[in-house]
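In listed order, ligands and their atoms are each counted from 1.
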Amino acid sequence: MAGKGNENVTYVDKSGKRLDGRKVDELRPIKVDVGVLDRADGSAYVEWGHNKAIAAVYGPREVLPKHMANPYKAIMRVYYRMAPFSVPEHKRPAPGRREIEISKVLSEALDAAVLTERFPQSQIEVHIDILDADAGTRITALTAASAALADAGIPMRDLVAGVSVGKAGGRVIADLTKAEEDASDAVDIPMAILPSTKEVVLLQMDGILTKEEWKDAHELAHKAAEKVYNLQKEALRKRYESAEAVEETEEIAETKEEVVE
Ligand code: UDP
């Protein structure tokens with residue numbers, strides 16, 4: 001929720017630096033790891049600044065209750081949850097209105113990416129837990145979820161990549177922290193795209209921008225999404241290159257065993 005904060009804070013100083021030293025278009029450090037859970041069909045862990053999210057994918061599998069099934073496509077069931085310890089004021093464990101809303105928008109964004117028509121009568125479950133939160137968690141969750149879907153081998157048009165852009169202290173900035181989201185003039189716009197077609201699959205807005213500011217914010221979002229996309233692809237490449245290396249080693253070991261026998 002944007003816009004509750006202190007009017008005396010300088011969110012962008014004269015040299016163009018923000019509270020944490022970043023430039024207006026700079027993202028927080030992002031780390032993506034895939035294949036982090038043994039029991040899920042696909043998984044990913046993302047650290048994005050102080051945000052930490054873990055995603056687990058199951059399916060495609062049978063829809064229960066059966067009457068919820070769609071004869072033409074798989075249904076995406078997405079569960080975004082914040083751990084009670086992820087925020088300063090210990091959150092109630094039961095999912096609240098905000099988590100249900102975020103699960104819905106994430107499900108719509110992922111539905112646009114997954115080739116759901118290939119799996120009628122089935123469901124694909126995506127569980128995302130936020131372990132640590134500092135604004136931008138829905139985008140951190142989406143980054144993890146789409147990498148986890150790819151890790152599960154689910155056919156997709158593209159990965160989903162995004163960022164939150166907006167405004168604090170009168171300046172258009174990319175990737176707002178909680179301190180920036182709390183600026184009195186804050187605007188927060190989580191946005192996600194399918195990078196190969198630039199199709200926008202998530203766009204929300206809290207606050208008001210001029211047309212010019214929106215143009216700048218939109219441009220920042222596309223550039224940032226491209227960076228996130230590259231990190232996701234790199235993480236998947238790393239995972240499958242190392243998986244191939246393990247397979248090759250196992251094959252060599254098997255051949256050696258056969259020779260010994
Ligand atoms: N937040 C919090 N307690 C809550 C919900 C949110 O402290 O119960 C914080 C948390 O840091 C979160 C931020 O507020 O990342 C911004 O929340 P918002 O609803 O804008 O979603 P987000 O930016 O995380 O996608």
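- Residue contact check: A133 has heavy atoms under 4.0 Å from atoms 10 (C), 11 (O), 15 (O) of ligand 1.
- Within the 4.0 Å heavy-atom cutoff, S164 does not count among the residues contacting ligand 1.
- Residue contact check: K178 has heavy atoms under 4.0 Å from atoms 9 (C), 11 (O), 13 (C), 14 (O) of ligand 1.
- Taking distance alone, with nitrogen or oxygen atoms compared against 3.5 Å, R138 approaches ligand 1 more closely than that limit.
- Looking at R61 and D41, no side-chain N of the basic residue comes within less than 4.0 Å of a carboxylate O on the acidic one, giving no salt bridge.
- At under 3.5 Å, not a single nitrogen or oxygen of K91, backbone or side chain, sits near a nitrogen or oxygen of ligand 1.
- Where the criterion is an N or O separation shorter than 3.5 Å, residue side chain and backbone included, G136 meets it with respect to ligand 1.
- For R77 and Y58, the side-chain atoms include no donor-acceptor pair closer than 3.5 Å.
- Note: H218 and H222 have perpendicular aromatic rings, judged against thresholds of 30 and 60 degrees for the angle between ring planes.
- Neither the backbone nor the side chain of E89 comes within 4.0 Å of ligand 1, counting heavy atoms alone.
- Residues K17 and E26 are not paired through a salt bridge, judged by the lack of any N-O separation under 4.0 Å between the basic side chain and the carboxylate.
- At most 12 heavy atoms of other shown residues, nucleotides or ligands fall within 6.0 angstrom of atom CD1 in I208.
- Here the straight-line distance linking atom CG of D111 with atom OG1 of T116 works out to 5.0 Å at 0.5 Å rounding.
- Around atom CZ of R98, more than 12 heavy atoms belonging to other residues, nucleotides or ligands sit under 6.0 Å away.
- Checking only distances, Y80 never comes within under 3.5 Å of ligand 1, N or O to N or O.
- The distance from ligand 1 to the heavy atoms of D188 drops below 4.0 Å at these ligand atoms: 20 (O).
- Proximity of P190 to ligand 1 is not established, as no heavy-atom distance is less than 4.0 Å.
- Where the criterion is an N or O separation shorter than 3.5 Å, residue side chain and backbone included, A135 meets it with respect to ligand 1.
- Cation-pi geometry between K233 and Y229 is satisfied (NZ or CZ under 6.0 Å from the ring centre, within 45° of the ring normal).
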